[in-house]
Amino acid sequence: MQDANAVRKVQNDILFIYRSDMSKHVTSKEATRISMVWQSIPSQLARENKKFIYGAVKAGARAKDFEMAIQWLVDAGLVYRISRVRDVAMPLKFYEDFNAFKLYLLDIGLLGAMSEIEPAQMLLSNDAIKEYKGALTENYVLCQMKGIDDMNTYYYSREDSKLEVDFILQYHGKVIPVEVKAEENLRSKSLKAFMSSHSDLKAVRFSMSGYIDQEWLTNVPLYGIPFVFTRF
């Protein structure tokens, strides 16, 4: 199918089916909460700090109000929940912070449809959706990595939230910091600061630039995600 508008119609049909299913298996009250979380995901990802905020779903909301709704979406395979780690060491599970996490959609095309981005803008390299390119690209990278067996995925941020690494992976006995760039601008203060205190690790950056192998980092074009991890 090469018609972007026809694809968008299919995506909207899928979203309608998902929303309909939310009311078939739970009480109407819980279905409403599930729908509220689901509908909040595009705006949650649009924020610079993509950590899930309960108050962004409903003013004054707390974890107990929506934790079952989030778990339903995770169990249904509609979202990925990526937890923060407080420290970066093996095994990462030991340092998981269950109170801080991000939610990503199962499919980048569906995220574009939910965000009501014009289909043509999803395909063109321009500034029409500049503010949201980072969210789309990060969700795309996460979906690609989720297709790799035996890969455990987290993210890292300092307690003061002034430094964050997009993803921290545990794969084949190694810890791999991952940064995502939607453009060719490869400057990153956070990653450099992080790597300065983790010199035993080597990072991977996914971006629009070509393959570059440096001592502390390998830059990989976005289309190369499924292949780069064969090296590890």
Side-chain angles (χ1 to χ4, degrees), residues 37 40-41 44-57 62-64 66-71 73-75 77-106 134-182 186 188-207 216-220 225-226 228-229 231-232:
V37 172
S40 80
I41 292 176
Q44 299 267 7
L45 291 176
R47 296 164 51 253
E48 184 176 354
N49 179 353
K50 296 175 178 60
K51 173 186 171 184
F52 186 86
I53 303 296
Y54 291 99
V57 181
R62 293 178 290 178
K64 67 176 184 178
F66 289 101
E67 57 188 359
M68 288 184 63
I70 291 171
Q71 191 60 50
L73 289 167
V74 172
D75 291 343
L78 299 183
V79 302
Y80 296 116
R81 176 174 175 151
I82 305 300
S83 296
R84 170 182 176 264
V85 286
R86 296 183 299 274
D87 197 3
V88 179
M90 289 276 288
L92 292 174
K93 189 72 174 177
F94 281 6
Y95 307 99
E96 183 174 9
D97 179 0
F98 291 99
N99 295 317
F101 60 92
K102 302 176 186 179
L103 290 185
Y104 295 93
L105 222 61
L106 77 158
L136 290 168
T137 307
E138 199 168 307
N139 204 122
Y140 162 78
V141 170
L142 188 275
C143 288
Q144 292 291 302
M145 294 191 302
K146 279 294 184 180
I148 300 173
D149 292 337
D150 303 320
M151 179 175 285
N152 300 303
T153 310
Y154 302 86
Y155 79 96
Y156 170 80
S157 66
R158 272 189 351 203
E159 295 293 342
D160 59 9
S161 299
K162 291 184 178 180
L163 184 154
E164 181 173 312
V165 179
D166 294 328
F167 299 109
I168 300 290
L169 311 178
Q170 183 176 310
Y171 184 61
H172 287 183
K174 293 184 178 181
V175 172
I176 309 167
V178 172
E179 182 183 58
V180 177
K181 289 287 188 180
L186 304 183
S188 175
K189 294 181 180 179
S190 285
L191 184 63
K192 274 210 163 184
F194 173 83
M195 293 302 292
S196 68
S197 58
H198 295 82
S199 57
D200 56 319
L201 304 179
K202 185 167 183 175
V204 173
R205 178 198 291 127
F206 295 112
S207 75
W216 65 283
L217 175 143
T218 301
N219 187 86
V220 179
I225 297 170
V228 66
F229 293 108
R231 300 172 52 232
F232 292 93

Find out whether Thr218 and Lys202 are in side-chain contact, i.e. whether some heavy atom of one side chain is under 4.5 Å from a heavy atom of the other. yes
Once you round to the nearest 0.5 Å, how far does CG of Leu201 lie from NZ of Lys174? 10.5 Å
Could you list the donor-acceptor pairs under 3.5 angstrom formed by side chains in residues 163-170, with sequence neighbours left out?
unit_1: Glu164; atom_1: OE2; unit_2: Lys102; atom_2: NZ; d: 2.7
unit_1: Asp166; atom_1: OD2; unit_2: Val180; atom_2: N; d: 2.8
unit_1: Gln170; atom_1: OE1; unit_2: Leu92; atom_2: N; d: 2.9

Do Val228 and Phe206 have side chains that get closer than 4.5 Å, going by heavy atoms? yes
I'd like to check the side chain to side chain donor-acceptor pair (under 3.5 Å) partners of Asp97; sequence neighbours left out, ordered by chain and number. Arg84
Would you say that Val175 contacts Met90 through its side chain, given a criterion of any heavy-atom pair below 4.5 Å between the two side chains? yes
Both conditions, 6.0 Å and 45 degrees, for the charged tip of Arg81 above the ring of Phe101: are they met here? yes
All heavy atoms of Ala56 vs all of Gln44, minimum pair found to be CB-NE2, 3.5 Å
Where Tyr171 and Phe229 come nearest, the two heavy atoms and their spacing: CE2-O, 3.4 Å
Spacing of OH belonging to Tyr80 relative to CG belonging to Leu103, to within rounding of 0.5 Å: 12.5 Å
In this structure, OH of Tyr156 is separated from OG of Ser83 (nearest 0.5 Å) by 15.5 Å
Donor-acceptor list for residues 134-154 side chains, cut-off 3.5 Å, not counting sequence neighbours:
unit_1: Thr137; atom_1: OG1; unit_2: Lys133; atom_2: O; d: 2.7
unit_1: Glu138; atom_1: OE2; unit_2: Tyr104; atom_2: OH; d: 2.4
unit_1: Asn139; atom_1: OD1; unit_2: Leu105; atom_2: N; d: 3.0
unit_1: Asn139; atom_1: ND2; unit_2: Leu105; atom_2: O; d: 2.9
unit_1: Tyr140; atom_1: OH; unit_2: Leu222; atom_2: O; d: 3.3

Side-chain donor-acceptor pairs of residues 191-199 under 3.5 Å, sequence neighbours excluded:
unit_1: Ser196; atom_1: OG; unit_2: Ala193; atom_2: O; d: 2.6
unit_1: Ser197; atom_1: OG; unit_2: Phe194; atom_2: O; d: 3.1
unit_1: His198; atom_1: ND1; unit_2: Phe194; atom_2: O; d: 2.9

Under the side-chain contact (heavy atoms from CB on, under 4.5 Å) rule, collect the residues that match up with Lys64, sequence neighbours excluded. Arg62, Glu67
Do Val178 and Ile176 come close enough that some side-chain heavy atom pair is under 4.5 Å? yes
Side chains of Ile70 and Phe52: closer than 4.5 Å at any heavy-atom pair? yes
Can you tell if the side chain of Glu96 reaches within under 4.5 Å of the side chain of Phe94, non-hydrogen atoms only? no
Which heavy-atom pair separates Tyr95 from Ala89 by the least distance, and what is that distance? CE1-O, 3.5 Å
CE/Met68: more than 12 non-hydrogen atoms of other groups inside 6.0 Å: no
Can you measure from CD (Glu179) to OG (Ser207) and round to the nearest 0.5 angstrom? 9.0 Å
Test of understanding: with side-chain contact (heavy atoms from CB on, under 4.5 Å), list the residues that count as partners of Asp160, not counting sequence neighbours. Arg158, Lys162
